[in-house]
Amino acid sequence: MSRKITFEERIRIVEYITVSEHAYSRAAKHYNVSYQQIRFWMLKTTTNGYIALKDRLGWTKPIEKMTEVERLRLKKRQLKIQIKEQEV
């Protein structure tokens, strides 16, 4: 199950669970990622938002180098998730 997961894919996986209310095991099977990894991403996201999903190995663009549009898109996604969680 070892494969490189991009920053965008991680966000999609977290949204698949939070917005669509799918179980971790279903998401793991759907995206071919381990259950433990998904759980870890969910915990990081709950604590620090989507930016916590950034790979620390230099594979993704640092937040400082993101364009204003990229940062705003990321923030927009985070706010949508917060609204969805508040509705539940």
Side-chain angles (χ1 to χ4, degrees):
M1 269 201 209
S2 180
R3 70 180 184 91
K4 178 67 182 155
I5 308 295
T6 66
F7 180 56
E8 286 295 319
E9 284 179 301
R10 292 174 189 185
I11 291 173
R12 262 185 269 138
I13 292 168
V14 168
E15 288 177 345
Y16 181 79
I17 294 168
T18 54
V19 174
S20 303
E21 299 178 13
H22 292 313
Y24 291 4
S25 57
R26 185 172 183 174
K29 188 174 184 178
H30 184 266
Y31 287 99
N32 194 27
V33 183
S34 74
Y35 176 96
Q36 294 84 358
Q37 186 63 64
I38 290 177
R39 185 174 181 278
F40 179 68
W41 290 334
M42 290 298 293
L43 292 172
K44 286 174 70 172
T45 303
T46 302
T47 307
N48 299 313
Y50 285 153
I51 201 63
L53 298 176
K54 265 187 42 167
D55 187 354
R56 302 294 189 243
L57 300 175
W59 289 86
T60 58
K61 192 186 298 186
I63 189 77
E64 301 82 32
K65 292 188 178 182
M66 285 183 177
T67 65
E68 186 66 22
V69 172
E70 290 170 329
R71 283 193 297 263
L72 290 172
R73 283 184 184 144
L74 183 62
K75 185 64 177 174
K76 178 182 170 186
R77 288 178 110 165
Q78 288 174 322
L79 292 172
K80 281 184 177 181
I81 294 298
Q82 288 175 357
I83 290 169
K84 179 70 175 175
E85 289 173 349
Q86 289 175 357
E87 288 175 356
V88 174

> In Å, rounded to the nearest 0.5 Å, how long is the span from CD1 of I13 to CG of L53?
9.0 Å
> Could I get the full list of side chain to side chain contact (heavy atoms under 4.5 Å, CB included) partners for T47, not counting sequence neighbours?
none
> Flag the pair F7 / L74 as yes when at least one side-chain heavy-atom distance between them is below 4.5 Å, and no otherwise.
yes
> What's the separation between atom CG in N32 and atom CD1 in I5, rounded to the nearest 0.5 Å?
7.5 Å
> If the condition is salt bridge (Lys or Arg N to Asp or Glu O under 4.0 Å), which residues does R26 pass it with, not counting sequence neighbours?
none
> Report the distance from atom OG1 of T67 to atom CZ of R73, rounding to the nearest 0.5 Å.
7.0 Å
> Would you say Y24 and L43 are hydrophobically clustered, going by side-chain heavy atoms of ILVMFWY under 4.5 Å?
no
> Which distance, rounded to the nearest 0.5 Å, do you find between the CZ of F40 and the OG1 of T45?
9.5 Å
> Supply the atom-to-atom distance Y50 OH to R77 CZ, rounded to the nearest 0.5 angstrom.
6.5 Å
> Which heavy atom of S34 sits nearest to which heavy atom of A28, and what is that distance?
C-CB, 4.0 Å
> Can you tell me how far the CD atom of Q78 sits from the CD atom of E15, to the nearest 0.5 Å?
9.5 Å
> Is there side-chain contact between K76 and L72, with at least one heavy-atom pair below 4.5 Å?
no
> Using the test ring-ring contact (aromatic ring centres under 6.0 Å, His included), find all partners of Y16 that sit at least two apart in sequence or belong to another chain.
H22, H30, Y31
> Between R71 (side chain only) and M66 (backbone N and O only), is there a donor and an acceptor less than 3.5 Å apart?
yes
> Heavy-atom distance under 4.5 Å between the side chains of N48 and K44, does that happen here?
no
> Is L79 reachable from I11 through a run of hydrophobic residues whose side-chain heavy atoms are each under 4.5 Å from the next?
no
> Any donor-acceptor pair under 3.5 Å linking the side chain of E9 with the backbone of T6?
yes
